[in-house]
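See below for the structure under consideration.
Since the structure is predicted, the reported quantities are computational estimates derived from the model, not experimental observations. For ligands, and for the atoms within them, numbers begin at 1 and follow the listed sequence. Positions are given from 1, in the same order as the sequence printed here.
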Amino acid sequence: MESISRTKIVDLLKREDFGAKVNVKGWVRTRRGSKQVSFIALNDGSTINNVQIVVDNEHYDEELLKVITTGSCVSINGTLVQSHGKGQAVEIHANGVEVYGSADATTYPLQKKGHSLEFLREIAHLRPRTNTFGAILRVRHHMAFAIHKFFNEKGFFYLHTPIVTASDCEGAGSMFQVTTLDVNNPARTEEGAIDYTQDFFGKSANLTVSGQLEGELGAMALGAIYTFGPTFRAENSNTPRHLAEFWMIEPEVAFNELKENMDLAEEFIKYLIQYALDNCIDDLNFLSEMYDKELIERLKFVIEYDFVRLPYTEGVKILEESGEKFEFPVYWGADLQSEHERYLVEKHFKKPVILTDYPKEIKAFYMKQNEDGKTVRAMDVLFPKIGEIIGGSQREEDFDKLSKRIEEMEIPMKDMWWYLDTRRFGSAPHSGFGLGFERLLLFVTGMSNIRDVIPFPRTPKNCEF
Ligand code: ATP
Ligand code: MN
């Protein structure tokens with residue numbers, strides 16, 4: 001076959017130089033036709049849209065045509081032709097066909113259309129070949145890019161915080177341990193405890209549950225940083241909103257107080273949604289049509305209106321007076337469940353809500369304490385369909401108050417001297433938050449299970465590949 005340089009389908013569909021000789025390569029979505037002519041719908045992953053290839057059967061070997069079935073991979077030379085079919089501007093009239101890889105029609109798992117998302121989770125190695133996961137993975141890419149773009153434009157620096165950490169002050173119990181000790185026969189101390197001085201790092205180590213503490217170190221030197229990396233939580237919560245391995249974005253800004261922190265979170269999330277509408281509309285329209293008819297409307301709605309900003313105490317009052325039957329009780333001091341968060345957002349305000357000033361007992365030790373002695377300067381951003389999408393706070397910058405809180409909460413701080421040093425030397429007010437990347441993607445794609453917005457989901461009892 002003549003060698004012609006390949007055009008991606010996304011670019012080809014925009015071309016108008018009819019008569020040009022072109023080459024496309026991709027995976028066959030469908031092939032139909034008659035004895036004389038075949039119509040191949042070809043997709044190469046560059047766009048949700050397929051290009052139609054018209055093949056004059058008589059010019060090709062029957063054996064060759066037989067293996068061009070759904071899922072097979074082909075290279076096509078042909079002429080670019082204006083199409084009269086509906087829904088497509090161009091098509092290719094083939095004059096050369098090469099098969100790279102066949103896909104046996106009796107065993108290829110994606111032979112038929114319309115598989116359930118549950119089934120596709122079981123074949124996560126092949127699901128990127130479906131329209132749905134192609135769309136989701138492209139949106140995921142664009143959102144990751146937009147995150148870097150947003151922070152770069154605002155003068156934030158991308159800080160790489162460690163994935164293996166020795167601090168367990170945040171997530172004791174929900175951390176994955178990292179060790180080179182022989183788990184069947186670990187080194188032991190004279191008292192019989194596991195002897196971590198013999199472990200790789202000379203102490204026990206874990207996968208990070210958040211880059212925040214290290215992020216604060218960066219903010220106290222560079223002024224404004226963000227992290228964007230994998231995060232691990234061994235929480236046994238089998239919900240549609242939790243993964244054991246997920247990605248988190250954590251900006252941290254020196255001199256920002258809670259108000260500026262909320263402004264940043266709102267601007268950030270609106271920027272990302274606008275970026276998706278501007279750059280992913282074909283994929284979003286497809287997902288909307290398939291899974292969530294109100295998706296585009298909901299995205300536009302979030303951009304258009306100011307988020308409600310409300311103290312926790314007032315939020316709880318609204319919930320108590322709502323007359324709504326909740327599965328979990330609601331009272332001042334309760335950690336709000338997703339049903340409570342969604343009531344405020346979907347039923348009461350019908351807008352995203354930033355809830356602030358939570359009781360200190362249900363929040364982390366590093367949050368800045370309010371004058372009332374009862375609450376801390378926390379902020380959770382609550383979204384329709386999702387519940388909590390962002391969790392953040394102004395941080396306690398006062399050395400004495402922070403140390404006292406650490407003692408009260410009996411947090412193992414023996415290895416945390418470095419964190420306290422930020423308050424010992426040149427302390428400053430500062431704030432930050434964490435956005436769960438997959439929660440953002442749930443919102444932007446309209447999908448309802450977090451396992452469907454990450455290529456290789458890790459959840460309890462599930463770690464294939
Ligand atoms: P939740 O109450 O929903 O379990 P959290 O309060 O434990 O979340 P934070 O520690 O505040 O979460 O983490 C910041 C953000 O990271 C959350 O707002 C959420 O978007 C995301 N996130 C937290 N845990 C998970 C998880 N297991 N899987 C996916 N995203 C998560
Ligand atoms: Mn939170």
>> Once rounded to the nearest 0.5 Å, what's the spacing between atom OH of Tyr226 and atom CZ of Phe156?
In response: 10.0 Å

> Counting from 1, what ligand 1 atoms have a heavy atom of Met248 closer than 4.0 Å?
Replying inline: 13 (O), 14 (C), 15 (C), 16 (O)

> Tyr275 and His142: which non-hydrogen atoms are nearest, and at how many Å?
Replying inline: CE2-O, 3.6 Å

> Could an N or O of ligand 1 be found under 3.5 Å from any N or O of Leu243, whether backbone or side chain?
Replying inline: yes

>> Using a 4.0 Å heavy-atom cut-off, which part of Ile390 comes near ligand 1: side chain, backbone, both, or neither?
In response: backbone

> What orientation do His148 and Phe228 show, parallel under 30°, tilted 30 to 60°, or perpendicular over 60°?
Replying inline: tilted

> What pair of heavy atoms forms the shortest contact from Lys270 to Asp306, and how long is it?
Replying inline: NZ-CA, 3.9 Å

>> Using 2.8 Å as the threshold, say whether any N, O or S atom from Glu388 sits that close to the Mn ion (ligand 2).
In response: yes

> Touching ligand 1 at all, Ile450? Heavy atoms, strictly under 4.0 Å?
Replying inline: yes

>> Restricting to non-hydrogen atoms, name the atom on Arg342 and the atom on Gly387 that form the minimum distance, rounded to 0.1 Å.
In response: CG-N, 4.0 Å

> Would the number of heavy atoms belonging to other residues, nucleotides or ligands and lying under 6.0 Å from CZ of Phe176 be above 12?
Replying inline: yes

> For ligand 1, which atoms sit closer than 4.0 Å to a heavy atom of Gly436?
Replying inline: 15 (C), 16 (O), 20 (O), 21 (C)

>> If the contact criterion is a heavy-atom separation under 4.0 Å, does Arg241 count as touching ligand 1?
In response: yes

> Who's closest to atom 4 (O) of ligand 1 heavy-atom-wise, of Arg458, Glu235, Glu245, His242?
Replying inline: His242

>> If I apply the N/O under 3.5 Å rule, does Ile389 come out as touching ligand 1?
In response: yes

> With a 3.5 Å cut-off and no angle check, do the side chains of Tyr366 and Gln212 form a donor-acceptor pair?
Replying inline: yes

